[in-house]
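Remember, it's a predicted structure, so these values are computed and weren't measured experimentally. Numbers here are sequence positions counted from 1.
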Amino acid sequence: MNIYDIAKLANVSPATVSRVINNRGNVKEDTANKIKKIIENTGYIPSATARNLSVGVSKNIAFIVPDIENPFFSKILHGISDRASYYNYNVFMFGSDENIEKEHRILKSLSSDMILGILVIPVSHDDMITAQYLKEFEEKGIPVVLIDRDIRNCSFHGVFSEDEDGAYQAVKCLIEEGHKDIAIITGPTTSRPGLNRLMGYQRALQEHGIPLREEYMVSGEFKLEESYHAAKKLFALNHVPTAIFTSNNLTTIGVLQFIRESGLKLVRDISLIGFDDIDYLNLLNIKVSIVDRPIYDMGYQAMDLLQNNYLKRDENRLITQRISAKTWLVKRGSEKHILFKGVNER
């Protein structure tokens, strides 16, 4: 028997059981008597680990990300860590490598008596196994907050950005510059950002009367190497696009690598707007227009949201809080359209 078994038998939360065990009050007398009777009948003896959890000794936060090499997630971690430090918490990061099975193994390996809460950027918005693991943690009094990516048909708290609007503004900008042959290198459409950024691209074209062309929608999976090959595929078309919208920072880097290795130049041969800024490109004076968002703040707010729900874990489940971060366009010149240029005319 453990504290969660007792809670299930008593039809209360684990936190309520812990208050009774530790004589912390704030429990109705009949409920407390019911819990004490179950403890007596089952012969349950609280373990040191369980007692530590019940009095809040655990200070560990698990942060699960799909790609630990992506600078975006490092910026998220920066915001989380700064706020966690204020609360005197430790943050441990786990990488799922965009692999659902690995994500499951990480969640399965996490012990509820060793963590205070979970911050997670899930691999897929359709994965009900991950959803079930996270629900079980919440049932045990371990709060869960999603960041950037969502899980469909679930009511987890989360911090997200306005991905569709950001992509829409980027493609609208390219259209206003005179582009009509605009391609997109997409992320995985099984993720909220991948799907929503594709939807923003499609909406911008449709609202401006530009037909969608299947050959201009190529997957880069949010990864550098895949995006490099996606760019290669676009430049092999009979009618090469004049502009590309890249769906994340690694996609942008992959495209830039292809452009450099092919002897091409931004604006002269291809225009480009990417999603998310890349700090070292600015240091190298490589001017790429981007859709920006408050990445550090998203991590900071996610940690605050987790803390808020941890403090209120003994109460009835809160109304789901979902914070939406604004996106904005930063134009640096790579969106420009030179009418006489283009690899088709060379």
Side-chain angles (χ1 to χ4, degrees), residues 2-4 7 13-15 18 49-50 52-54 56-68 72-74 76-160 191-192 298-315 317-318 320-323:
N2 59 44
I3 192 172
Y4 306 110
S13 72
S18 75
T49 303
N52 284 345
L53 174 66
S54 70
V57 171
S58 175
K59 294 290 185 180
N60 301 329
I61 305 296
F63 177 40
I64 306 172
V65 303
D67 186 354
I68 60 176
F72 167 76
F73 300 121
S74 298
I76 290 282
L77 177 61
H78 188 188
I80 292 171
S81 298
D82 280 358
R83 197 55 174 158
S85 179
Y86 173 81
Y87 296 122
N88 197 29
Y89 295 154
N90 309 306
V91 180
F92 294 89
M93 187 164 73
F94 303 84
S96 63
D97 297 328
E98 296 283 8
N99 183 293
I100 290 176
E101 286 73 23
K102 188 169 183 179
E103 182 176 83
H104 296 166
R105 289 197 298 272
I106 293 168
L107 289 168
K108 188 176 180 179
S109 72
L110 293 176
S111 173
S112 59
D113 60 1
M114 295 299 292
I115 56 172
L116 178 146
I118 299 176
L119 299 167
V120 57
I121 303 174
V123 173
S124 171
H125 60 197
D126 291 320
D127 183 17
M128 291 299 102
I129 296 177
T130 286
Q132 185 58 38
Y133 275 121
L134 297 177
K135 287 178 182 177
E136 289 173 1
F137 276 110
E138 287 202 328
E139 289 170 359
K140 295 175 181 178
I142 308 298
V144 173
V145 174
L146 306 182
I147 308 176
D148 190 48
R149 303 187 186 185
D150 204 355
I151 300 178
R152 284 177 172 172
N153 303 317
C154 293
S155 57
F156 296 111
H157 304 283
V159 180
F160 312 97
S191 73
R192 179 186 183 276
M298 290 172 65
Y300 194 97
Q301 289 176 313
M303 187 63 246
D304 267 345
L305 192 52
L306 188 90
Q307 171 70 358
N308 183 48
N309 283 279
Y310 172 70
L311 293 176
K312 297 184 178 180
R313 67 197 183 284
D314 298 344
E315 303 175 6
R317 179 168 171 79
L318 299 174
T320 302
Q321 295 174 279
R322 300 171 73 81
I323 299 171

* Between Leu116 and Ile142, which heavy-atom pair has the shortest distance, and what is it? -> O-CG2, 3.8 Å
* To do: With side-chain contact (heavy atoms from CB on, under 4.5 Å) as the test, would you mind laying out the steps for Asp67 and Phe72 before giving the verdict?
  => CA-CA 9 Å; Asp67 186 354; Phe72 167 76; over 6 Å; no
* **Under 3.5 Å donor-acceptor, Thr320 side chain and Ser155 backbone** => yes
* Asked: Asn308 side chain to Asp304 main-chain N or O, any donor-acceptor pair under 3.5 Å?
  -> no
* Does the side chain of Ser124 pick up a donor-acceptor pair with the side chain of Asp127 at under 3.5 Å? -> no
* **Over all atoms of both residues, closest heavy-atom pair of Ile118 and Leu306** => O-CD1, 3.6 Å
* Asked: Below 4.5 Å, heavy atoms only, C-beta onward: do Leu77 and Phe73 meet side chain to side chain?
  -> no
* Sub-3.5 Å donor-acceptor pair from the side chain of Arg152 to the main-chain atoms of Arg192, do we have one? -> no
* To do: Report the C-alpha distance between Tyr133 and Ile129 in whole Å, list the side-chain angles of each, state the deciding distance to 0.1 Å, and finish with yes or no for side-chain contact (heavy atoms from CB on, under 4.5 Å).
  => CA-CA 6 Å; Tyr133 275 121; Ile129 296 177; 3.7 Å; yes
* **Residues which pass side chain to side chain contact (heavy atoms under 4.5 Å, CB included) with Pro122, listed by chain and number, not counting sequence neighbours** => Glu103, Val120, Leu146, Arg149, Ile151
* At what distance, to the nearest 0.5 angstrom, does CG of Leu119 lie from CD1 of Ile76? -> 10.0 Å
* Structure fact -> Nearest heavy-atom contact between Pro66 and Ser96 is CA-OG, 3.2 Å
* **Straight-line distance of Ile61 CD1 to Tyr310 OH, nearest 0.5 Å** => 9.0 Å
* Quick one: closest heavy-atom pair of Leu110 and Ala62, and the distance? => CD1-CB, 3.9 Å
* Do His157 side-chain atoms and Gln321 backbone N/O form a donor-acceptor pair below 3.5 Å? -> yes
* Asked: Nearest 0.5 Å, what's the CD1-CG distance between Ile115 and Asn60?
  -> 8.5 Å
* Structure fact -> Sorted by chain and number, sequence neighbours left out, side chain to side chain donor-acceptor pair (under 3.5 Å) with Tyr300 holds for Arg83
* **Which atom of Val91 lies closest to which atom of Ala84, heavy atoms considered** => CG2-CB, 3.6 Å
* Spatial distance of atom CD1 (Ile106) from atom CD (Glu101) [nearest 0.5 Å] -> 12.0 Å
* Which heavy-atom pair separates Ile80 from Gly299 by the least distance, and what is that distance? -> CG1-O, 3.4 Å
* What residues form a ring pair (Phe, Tyr, Trp, His ring centres under 6.0 Å) with Tyr87, not counting sequence neighbours? -> Tyr89
* Structure fact -> Here the gap from Lys108 atom NZ to Glu136 atom CD, rounded to the nearest 0.5 Å, amounts to 11.0 Å
* Distance in Å, Ile121 CD1 paired with Ser191 OG, rounded so as to fall on 0.5 Å steps -> 11.0 Å
